[in-house]
Amino acid sequence: MSTKLPLPEIGAETFGDISEDAQGNPLSHAQVIRNVIAEGQQAEASNLDFFGVGEHHRDDYAISSPEVVLAALASTTQRIKLGTAVTVLSSDDPVRVYERFATLDAISNGRTEIIAGRGSFIESFPLFGLDLEDYEDLFEEKLHLLAKLRHGKPVSWQGKHRAALRNQQVYPLLEDRPLTTWVGVGGSPQSVVRAARHGLPLCLAIIGGQPSAFEGLASLYRRALEEFGQEQLPISAHFHGLVASTDEEALETLWPHYQRTMNRLGAERGWPPASKMRLQASMGPEGAMMAGSPQTVAQKMAKVTTQLGLSRVDIKYSAGSLPHEVMMESIKLLGEEVKPRVHQLLGS
């Protein structure tokens, strides 16, 4: 007889995308950051479980220091979990990451989470004087150190890319538990096994293709935990999406902003021009985009949660230049209409 999984948490995430005002003019970075704080407050008011803020170092995103934004939210919210989406660990110092998040954990009264990853952009490497030839080694080494530091105990450690630690205590001290630290992965089996080896929960970034294709990675992670002698740990997933009154409204609202963003990224990465037909397919029952009416999004979310055994589903509700007011409504619908429907579907 199978054991029914607990009902999943539902979260909202943003990268602080540079959005537009009502006249189509881009907002300043400063205004976008202020808007993100309002969006996080809306996420709590709408009964969502998690609010995540990404880290980027380029002109189309406003947030390069997510912990500062999260600290502002920590002081104006009471319940919602606050974390990154993601912390670009490869180009950061794990000791400083611990120090910042331990501070944030104190401000938030234990609501802090780190999602550590390599990120989908490489601008931080030259910015901080790092060599892209060390891409893999940097992440492996720094994750190993962060996995030790997150417990808040004295650490001894040695690697190639930073000074060794010898029974070093790092401050501030934690109150009663380790820092919750997920490993964000985009589809690499090696990354999944790495997360299991360090005994860290897994966050799958599902931003293309079919979510069902990630079943193998979820199974691999659970097998690897068992083989490493680790307890079974949660798996969450990150999707892009937008909740609107109807499927058609979601498509028509999303398309021009999605098109602009994908064409800019396509020019950088050699992708073909964005296609409305491909966006519509991604919004379909088997696609990776969690966009549409509350009922459509809830049904897809419940299906994917069951397929992958997810403990949380996070939706990146920001999409390029999408206006702040549209994103606020999407957050509201996600928490007030999608979340109850998902729980009803999975609890029945």
Side-chain angles (χ1 to χ4, degrees), residues 5-17 35-55 63 66-67 69-70 72-74 76-87 101 104-105 108 110-117 179-185 200-207 211 214 233-243 288-291 294 297-298 300-306 308-319 322 327-343 345-346:
L5 290 169
L7 295 175
E9 296 181 338
I10 309 295
E13 295 179 343
T14 180
F15 297 165
D17 312 46
N35 286 349
V36 167
I37 293 171
E39 289 154 16
Q41 293 165 341
Q42 180 64 61
E44 174 163 278
S46 300
N47 200 36
L48 289 171
D49 301 292
F50 174 78
F51 188 75
V53 177
E55 174 196 344
I63 298 172
E67 302 90 343
V69 177
L70 295 171
L73 271 170
T76 58
T77 57
Q78 300 296 322
R79 175 195 54 80
I80 196 167
K81 296 176 182 176
L82 302 169
T84 47
V86 298
T87 292
F101 276 93
L104 179 59
D105 204 54
S108 68
R111 293 183 283 135
T112 295
E113 298 190 359
I114 306 168
I115 302 178
L179 288 172
T180 300
T181 304
W182 303 74
V183 179
V185 305
L200 298 173
L202 182 71
C203 178
L204 297 168
I206 304 177
I207 57 176
F214 286 76
L233 295 167
I235 300 176
S236 68
H238 157 102
F239 297 87
H240 290 197
L242 178 76
V243 190
M289 181 76 76
M290 292 282 179
V297 174
K300 182 186 282 192
M301 197 178 288
K303 178 182 177 181
V304 172
T305 297
T306 301
L308 303 182
L310 301 177
S311 66
R312 188 168 77 211
V313 180
D314 296 329
I315 306 300
K316 180 184 180 283
Y317 63 87
S318 58
L322 199 67
M327 294 189 285
M328 290 285 275
E329 180 64 16
S330 181
I331 292 167
K332 188 172 187 291
L333 291 172
L334 181 62
E336 296 181 7
E337 297 198 28
V338 174
K339 180 180 172 181
R341 282 179 165 89
V342 171
H343 286 181
L345 289 166
L346 294 176

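These figures come from a predicted structure and were not determined experimentally. Computed over heavy atoms, backbone and side chain alike; hydrogens, waters and symmetry mates excluded.
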Can you tell me how far apart [atom1] ([X]) and [atom2] ([Y]) are? Round to the nearest 0.5 Å.
X    : Y    : atom1 : atom2 : value
M301 : L346 : CE    : CG    : 10.5 Å
L70  : E113 : CG    : CD    : 11.0 Å
D314 : L204 : CG    : CG    : 11.5 Å
E336 : L48  : CD    : CG    : 9.0 Å
E13  : H240 : CD    : NE2   : 8.5 Å
K332 : S46  : NZ    : OG    : 6.5 Å

Quiz item: Pick from D17, T14, L242: which one makes a side chain to side chain contact (heavy atoms under 4.5 Å, CB included) with K316?
Solution: D17
Quiz item: In a check of side chain to side chain contact (heavy atoms under 4.5 Å, CB included) between P8 and each of T305, L310, V304, T306, which one passes?
Solution: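 The option that passes is T305.
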Please find the pair of heavy atoms, one from [X] and one from [Y], that lie closest to each other, and give the distance.
X    : Y    : value
E337 : P294 : OE1-CG, 3.5 Å
I235 : L308 : CD1-O, 4.5 Å
G54  : P66  : O-CB, 4.0 Å
R312 : G11  : CG-N, 4.5 Å
C203 : W182 : N-CE3, 4.1 Å
G16  : I63  : CA-CD1, 3.9 Å

Quiz prompt | For T76, side-chain hydrogen bond (donor to acceptor under 3.5 Å, both in side chains) partners two or more places apart | solution =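 Testing T76 for side-chain hydrogen bond (donor to acceptor under 3.5 Å, both in side chains), a comparison that skips the adjacent residues, returns Q41.
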Quiz prompt | Residue list, salt bridge (Lys or Arg N to Asp or Glu O under 4.0 Å) with K339, at least two apart or on another chain | solution =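 Salt bridge (Lys or Arg N to Asp or Glu O under 4.0 Å) list for K339, sorted by chain: D49.
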Tell me if a side-chain donor or acceptor on [X] pairs with a main-chain N or O of [Y] at a distance below 3.5 Å.
X    : Y    : result
E44  : Q78  : yes
R111 : A74  : yes
R79  : A45  : no
S236 : S311 : no

In the structure I gave you, are the side-chain heavy atoms of [X] and [Y] within less than 4.5 Å of one another anywhere?
X    : Y    : answer
L334 : Y317 : no
V297 : F239 : no
T112 : T180 : no
F101 : T87  : yes
V338 : M290 : no

Quiz item: Under 6.0 Å from the CG atom of L233, do we count more than 12 heavy atoms belonging to anything else shown?
Solution: yes
Self-check item: Stepwise side chain to side chain contact (heavy atoms under 4.5 Å, CB included) test for M327 and N35
Solution: CA-CA 10 Å; M327 294 189 285; N35 286 349; over 6 Å; no
Exercise. Anything under 30° is parallel, anything over 60° is perpendicular, the rest tilted; go ahead and classify H238 against F15.
Key: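 Parallel.
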Quiz item: Stepwise, does the side chain to side chain contact (heavy atoms under 4.5 Å, CB included) test hold for E39 with I331?
Solution: CA-CA 8 Å; E39 289 154 16; I331 292 167; 3.7 Å; yes
